[in-house]
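What follows is one structure encoded as structure tokens, with my remarks underneath.
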Amino acid sequence: MTAPLRIAVAGLGTVGMGTIEILRANSQILARRAQRPFEVVAVSARDRGRDRGADISNFCWYDDPVKMAAEVECDVVIELIGGSGDIAKNVCKNAIAKGRHIVTANKALLALHGTELAKSSESAGVAFCYEAAVAGGIPVIKTLRESLASNSVSRIQGILNGTCNYILSGMEREGKDFLSVLKDAQKLGFAEIDPTFDIKGIDAAHKITLLSSLAFDIPIKFSQTYTEGIDKIELDDFRFASEFGYKIKLLGIAERKQDSYEQRVHPCLVREDSEVAKVDNELNAVVINDEIVGKTVLIGPGAGGKPTGAAIVADLLDLKRGNLNSPLGESILSSKKIKNINIALHICKNHAPKNKQITRCREPSKGMVIDNTLAIDPFGYRFYIFNISFFIT
Ligand code: HSE
């Protein structure tokens with residue numbers, strides 16, 4: 001059999017350990033599919049002594065992941081440190097400089113530095129794979145970049161943050177307030193100890209920015225993604241939404257307009273019978289509209305060690321199969337992607353709350369923004385005040 005694919009893992013949190021467990025448990029299937037074994041040759045994490053629930057003493061240990069990426073003899077570095085800071089970035093840069101492939105789950109790094117990293121990996125002839133960065137176990141990157149590649153995508157919308165979906169589902173179902181459900185989510189391990197990026201919509205904004213770039217062949221422009229979280233939603237909002245036949249979901253939306261693109265994340269009212277309305281708790285969902293297939297709906301776990309680890313391992317198999325796609329779909333070195341395409345900052349400019357302004361309508365309709373003050377029915381049957389503005393989709 002061919003020599004093993006040598007793997008170095010930077011970051012041994014939930015996803016790192018999930019990945020190592022899949023590599024261990026499925027070693028025979030993977031070796032058969034890849035026609036060579038997968039071998040973890042080195043690991044790096046912050047705390048060597050922490051109990052991780054599995055034996056990692058066989059792997060060569062590095063305290064410094066940046067040094068590991070530069071020094072260790074391997075074929076691929078899996079970057080699972082997270083964040084857009086220098087450590088994760090330098091792990092990738094060092095690995096690329098040494099001609100090693102990168103597999104990562106780091107959406108923040110890609111949203112802020114993805115274009116630069118895609119360029120250098122393409123120039124170096126190494127792969128930069130990130131299926132695990134968006135919606136965990138849902139194969140949305142491969143779906144957009146490969147399965148729908150013949151096609152022109154017009155719109156993507158999705159539930160891209162499991163923490164927010166868990167909190168919104170819990171508030172609606174159990175009638176508990178935002179902070180109580182957030183605490184439940186933290187106890188169950190869905191929400192981070194510092195959940196700011198989740199509840200402020202930043203994590204979902206990283207993800208929709210990446211999907212938008214892939215779908216529309218435009219540069220990764222995180223600064224042009226309108227971002228609003230769920231922390232101002234109150235229990236009354238669910239009651240009012242339900243009376244009109246809506247549920248509340250935090251959606252990431254990317255849409256092709258005539259001469260520009262929208263990228264936005266904010267709470268939406270979605271019809272109770274829509275696909276995304278039925279996706280509750282920590283699950284994620286992505287709905288892709290295109291000109292040939294029509295509508296593709298993907299639903300699954302968007303986080304967690306095993307689902308996200310499965311996406312990492314699928315990327316490792318791609319490497320073996322020689323499936324070295326340009327990271328952003330088409331070549332960043334030769335395509336329009338390097339031009340500065342004007343992305344509309346936020347189409348919903350009127351989305352901002354207009355205090356005290358009363359919008360009168362008999363029933364909310366698609367595409368309309370309900371302000372935080374809303375009067376339903378001009379004949380005075382009902383009058384509701386939502387706590388924030390909602391876009392109806
Ligand atoms: N904090 C993220 C979520 C994890 O809740 O969806 C996966 O990116």
Side-chain angles (χ1 to χ4, degrees), residues 11-19 78-85 88 103-112 114 129-141 156-171 178-179 181-212 214 220 222 225 227-231 233 248-253 265-268 276 279-287 298-315:
L12 294 177
T14 313
V15 177
M17 292 312 294
T19 303
I78 303 180
E79 186 281 302
L80 299 171
I81 293 164
S84 58
V103 174
T104 182
N106 191 338
K107 58 265 173 176
L109 181 71
L110 280 158
L112 273 80
C129 308
Y130 55 99
E131 182 63 71
V134 181
I138 301 179
V140 63
I141 301 293
I156 303 173
Q157 76 172 34
I159 297 171
L160 298 173
N161 186 273
T163 303
C164 288
N165 206 34
Y166 182 87
I167 293 172
L168 294 176
S169 306
M171 288 174 79
F178 177 84
L179 283 176
V181 190
L182 172 59
K183 277 189 192 138
D184 292 347
Q186 283 170 321
K187 269 188 219 145
L188 289 167
F190 296 134
E192 310 284 341
I193 302 301
D194 178 359
T196 311
F197 270 32
D198 293 315
I199 63 177
K200 296 280 183 194
I202 298 166
D203 176 78
H206 288 149
K207 294 166 181 168
I208 197 67
T209 306
L210 298 180
L211 296 184
S212 176
L214 259 186
I220 298 171
F222 175 64
T225 302
T227 307
E228 193 181 320
I230 62 165
D231 48 337
I233 295 176
I248 298 173
K249 294 289 180 191
L250 182 79
L251 296 186
I253 299 171
V265 169
H266 51 76
C268 292
V276 287
V279 178
D280 283 330
N281 301 323
E282 71 278 15
L283 287 181
N284 282 197
V286 184
V287 181
L298 304 167
I299 296 171
K306 290 275 178 68
T308 313
I312 299 271
V313 175
D315 276 346

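One-based numbering, in listed order, for ligands and for the atoms of each.
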Min side-chain heavy-atom separation I167-T163 under 4.5 Å: yes
Using the side chain to side chain contact (heavy atoms under 4.5 Å, CB included) criterion, which residues pair with T14? Sequence neighbours excluded. none
Put together the list of close N/O pairs, under 3.5 Å, between ligand 1 and the protein, could you?
from, atom 1, to, atom 2, distance (Å)
ligand 1, 1 (N), D198, OD1, 2.9
ligand 1, 1 (N), D198, OD2, 3.4
ligand 1, 5 (O), G162, N, 3.4
ligand 1, 5 (O), T163, N, 3.0
ligand 1, 5 (O), T163, OG1, 2.6
ligand 1, 6 (O), G162, N, 2.8
ligand 1, 8 (O), K107, NZ, 2.7
ligand 1, 8 (O), K207, NZ, 2.8

Could you walk me through whether C164 and K200 pass side-chain contact (heavy atoms from CB on, under 4.5 Å), step by step? CA-CA 9 Å; C164 288; K200 296 280 183 194; over 6 Å; no
Quick one: closest heavy-atom pair of H206 and F222, and the distance? CD2-CE1, 3.3 Å
Can you tell me if N165 uses its side chain to pair, donor with acceptor, with the backbone of L283 under 3.5 Å? yes
Is there a donor-acceptor contact under 3.5 Å from the side chain of T19 to the main chain of V15? yes
